[in-house]
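To keep things clear, I will list the structure first and then write my remarks on it.
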Amino acid sequence: ATKFVTLNTGAIMPTVGLGTWKSAPGEVEHAVEYALKNGYTHIDTAAAYQNETEVGQGLKASGVARGSIFLTTKLNNPDQRAPLPALESSLSKLNTPYLDLWLMHWPAPMTKDMKADKEYDWLDTWKAMEDIYLAHGDKVKAIGVSNFSVEYLERLLKVARVVPAVNQIELHPSCPQDDVVEFCLKKGIILTAYSPLGSDNSPLLKNPVVNKIAEKYSVQPANILISLHANKPGHTVLPKSVTNARILNNAKIVDLTEEELTQLHKIDETHHFRACHPAWTGWGGLGFPDCK
Ligand code: A2P
């Protein structure tokens, strides 16, 4: 299992980061502070999570030097037409001079009232993010994407001046997205797994295959689901928790055998589900046009 990966920028990204999707203001400050005080060096948030201010408070309260933390946030869909002010807002809320990684949250521009913005092309957002990265490298150390399928990545790479450093997608044994993983590895794009446990009330934590492997290593099922990614090249992983004991526990990764990786991979054959439900085209039933 690896503790770090290297981005296509040359920067180091810690394999395990604290996820904060659904971590509410009021609990996320403490989660971030506790994680950083207990060895985490990687925190992931998003403007859409509406908790950047509180994540920033947690960063500050931890007393950990900014330079020792890898911090990611994401451009919100309704801000795709104006990425620079959105970046400035994220930096201000997070109370930080720079991001280690800034992601386009979805290839899905939206209006302020959260409807599909069919008059605007997400590829123009990527071009704007590239401009910002190339002009303001002191504010944004790397740019990337999230929730991109192969067809969206192919369209982006045809014109990209900057290859995304990362594609952050839902990845767990019941959502392996093999085609996206294979494509990203080939292009040197790091994969970041969100909802690695299968999100809230996940059946994966009760899965017999996961539990059997967990028993062998005397760890929790969550550790196996997290270690799965740490045992693959080019992967990082973002377990979310606001519970001290779990935050502490989830940082522990173990070396899995090839046979165990195969067993985990087979879970999808009988127990497929996605925690997040976008269709890759016509996204979220909101009427987005197919990938152009
Ligand atoms: P909580 O935040 O209340 O501790 P994912 O990372 O796949 O999105 O999963 C997050 C969900 O899994 C949350 O409901 C979180 O609860 C829960 N969780 C996090 N760590 C563990 C763990 N070690 N064992 C069981 N559940 C966990």
Side-chain angles (χ1 to χ4, degrees), residues 1-5 11-74 90-103 141 146 166 168 170-172 192-202 204-205 210 214 217-230 235-254 275:
T2 55
K3 294 210 156 103
F4 297 94
V5 299
I12 297 292
M13 181 179 189
T15 302
V16 180
L18 182 73
T20 66
W21 179 37
K22 299 188 193 167
S23 299
E27 52 186 20
V28 75
E29 301 90 326
H30 175 78
V32 169
E33 176 185 355
Y34 187 82
L36 291 172
K37 281 183 170 164
N38 287 282
Y40 281 71
T41 53
H42 173 182
I43 306 289
D44 179 273
T45 185
Y49 302 167
Q50 300 191 333
N51 62 13
E52 285 176 314
T53 301
E54 294 77 12
V55 168
Q57 287 165 359
L59 294 172
K60 186 157 189 222
S62 75
V64 175
R66 177 66 186 85
S68 307
I69 302 168
F70 190 101
L71 178 63
T72 303
T73 196
K74 312 182 192 85
S90 286
L91 291 174
S92 152
K93 286 180 177 165
L94 289 163
N95 194 15
T96 182
Y98 70 95
L99 299 174
D100 293 281
L101 179 62
W102 188 40
L103 305 177
K141 307 271 181 198
S146 182
V166 164
Q168 183 182 130
E170 180 176 349
L171 281 181
H172 50 69
T192 298
Y194 74 71
S195 300
L197 311 181
S199 197
D200 298 332
N201 305 312
S202 173
L204 286 170
L205 296 172
V210 176
Y217 293 100
S218 304
V219 295
Q220 295 178 13
N223 297 95
I224 299 305
L225 296 168
I226 296 161
S227 299
L228 170 64
H229 305 290
H235 282 64
T236 59
V237 53
L238 302 172
K240 173 266 178 184
S241 180
V242 291
T243 313
N244 286 356
R246 289 174 172 171
I247 292 171
L248 209 54
N249 172 75
N250 292 348
K252 186 178 175 199
I253 53 179
V254 296

Would a distance-only check, ignoring hydrogens and angles, find a side-chain to backbone donor-acceptor pair under 3.5 Å from [X] to [Y]?
| X | Y | result |
| --- | --- | --- |
| Thr15 | Phe4 | yes |
| Arg66 | Pro97 | no |
| Ser62 | Leu59 | yes |
| Ser227 | Val254 | yes |
| Asn223 | Asn249 | yes |
| Tyr34 | Glu29 | no |
| Asn51 | Ser23 | yes |
| Asn250 | Ser241 | no |
| Glu170 | Ala275 | yes |

Could you tell me which non-hydrogen atom of [X] sits nearest to which non-hydrogen atom of [Y], and how far apart they are?
| X | Y | value |
| --- | --- | --- |
| Pro196 | Val237 | CB-CG2, 3.5 Å |
| Tyr194 | Ser146 | CE2-OG, 4.5 Å |
| Glu33 | Lys37 | OE2-NZ, 2.6 Å |

In Å and rounded to the nearest 0.5 Å, what is the [atom1] to [atom2] distance from [X] to [Y]?
| X | Y | atom1 | atom2 | answer |
| --- | --- | --- | --- | --- |
| Leu238 | Thr192 | CG | OG1 | 6.0 Å |
| Leu94 | Thr73 | CG | OG1 | 5.5 Å |
| Ile12 | Thr41 | CD1 | OG1 | 11.0 Å |
| Lys60 | Leu36 | NZ | CG | 14.5 Å |
| Ile253 | Tyr217 | CD1 | OH | 12.5 Å |
| Leu225 | Leu171 | CG | CG | 12.0 Å |

Kindly determine whether Glu54 and Thr20 satisfy side-chain contact (heavy atoms from CB on, under 4.5 Å), including the steps that lead there.
CA-CA 11 Å; Glu54 294 77 12; Thr20 66; over 6 Å; no
Hey, are [Y] and [X] close enough side-chain-wise for a donor-acceptor pair under 3.5 Å?
| X | Y | answer |
| --- | --- | --- |
| Thr45 | Glu52 | no |
| Tyr49 | Lys22 | no |
| His42 | Asp100 | no |

Do [X] and [Y] touch side chain to side chain, with heavy atoms closer than 4.5 Å?
| X | Y | answer |
| --- | --- | --- |
| Lys74 | Gln168 | yes |
| Leu99 | Thr72 | no |
| Trp21 | Ser199 | yes |

Could you check Met13 against Leu101 for side-chain contact (heavy atoms from CB on, under 4.5 Å), going step by step and ending with a plain yes or no?
CA-CA 9 Å; Met13 181 179 189; Leu101 179 62; 4.1 Å; yes
Criterion side-chain contact (heavy atoms from CB on, under 4.5 Å) on Tyr40 and Ile247, from CA distance to verdict:
CA-CA 9 Å; Tyr40 281 71; Ile247 292 171; 3.5 Å; yes
His229 and His235 aromatic ring geometry - parallel, tilted or perpendicular at 30°/60° bounds
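Parallel: the ring planes of His235 and His229 meet at under 30°.
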Does the salt bridge (charged side-chain N to carboxylate O under 4.0 Å, His left out) test come out yes or no for Lys240 and Asp44, once each step is laid out?
CA-CA 9 Å; Lys240 173 266 178 184; Asp44 179 273; over 6 Å; no
